[in-house]
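Okay, structure first, notes after.
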Amino acid sequence: MGQPQTDETCQCVVCGRESVFRFDPTIITPQLKEAWGISDRLAEAFNRKESMFCSNCGCSLRIRRLAAVLMQTFSEISGLSCKSFAELLENKEFRDLKIAEINACGALHSYLKDHPNLHYSEWLPHTEPGEVYAGVRCEDLQCLTYSNNFFDIILTSETLEHVPDPGKAWQEIFRTLKDGGYHIFTIPVLPSQPTTVKRANLVDGKRDNLLAAAYHGAWGSENMFVYTDFGMDLV
Ligand SMILES: [Zn+2]
C-alpha cells in the first residue's frame, strides 16, 4: 500500500486562488473496489483523482485537469494563455465559442454557466431528448438533438462509461462538432485492465447484465450504473 495521500496547498487552475486541496479517501466504495478488482494503491489514486477538492471553488483534481486541458486547447487555437479558468471566462474570443457541457462537469459548472454560448444538458430517465425538465435541457449522448457541425467544444466528464453504447455517443459527438472542433473529456480508465470490458448492454430498452451490476458514487443509484469499464486499449 502506498503512502496515504494528504491535503496539499497550491494555486488552483480554476479559481486562480491559493487553496488547500482536501483529500477524501472514501469516494471509491468498497463495492466498486471489489467490482474493479483493484489494489489499495490504485483505489487511493482514484480517490485522489476524485477528491483533492479546492477550498475555494470546490473543484476536484479531475475537474481541474479537464479545465487545464480546456485552457491549453484554447491557448493553441488563439495563442492567448490565461492563468486560471476564471480569467479565461472573461475572454471575448472564448465567450464566442459554442460549448456543450453534457452532464455538469462538477464544480466547474458554476463557472461554465456564466458562458454566454454554453449549451448545458443532463441525462434524466423518462425524458425525451431535447426536452426541458425543471429548467434543465435533457439530452442523450447517443441521439443528440443538436444540428451537424454545431459546437466548437464538447465537454463530458466521467459520463461515457454510463452510456449503454459509447460508440454511438462518439459518433454523435463527431456529428455535432464543427470541423476542427474538440471533444475534451475524462473517462475512468483501469490501468490494471489491458482491454475494455462491457459490463452490460441495453437491448430493446432492457438492461442485459454481463457482469454483476456496478455503480460509481452511491451504490445502486441508477444514474450511476456502469455499462463499460474502459481499459488501457482506450489510451
Ligand atoms: Zn479553486
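Order of appearance sets the numbers: ligands from 1, and atoms from 1 within every ligand.
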Apart from Met224 itself, which Ile, Leu, Val, Met, Phe, Trp or Tyr residues share its cluster (side-chain heavy atoms under 4.5 Å, direct or through members)?
Ile28, Leu32, Trp36, Ile38, Leu42, Phe46, Leu190, Leu202, Tyr215, Trp219, Phe225, Tyr227
Could you check whether Asn223 and Ser221, counting side-chain N and O atoms only, form a donor-acceptor pair closer than 3.5 Å?
no
Less than 6.0 angstrom separating the ring centers of Phe21 and Phe53, yes or no?
no
Distance alone, cut at 3.5 Å: any donor-acceptor contact between the side chains of Gln142 and Asp140?
yes
Applied to residues 144-166, the salt bridge (charged side-chain N to carboxylate O under 4.0 Å, His left out) test, sequence neighbours excluded, yields Lys49-Glu158, Arg62-Glu158, Asp152-Lys178
Glu172 meets the side-chain contact (heavy atoms from CB on, under 4.5 Å) criterion, sequence neighbours left out, with Leu144, Arg175
The Zn ion (ligand 1): protein N, O or S atoms that are less than 2.8 Å away, sorted by chain:
Cys12 SG, Cys15 SG, Cys54 SG, Cys57 SG
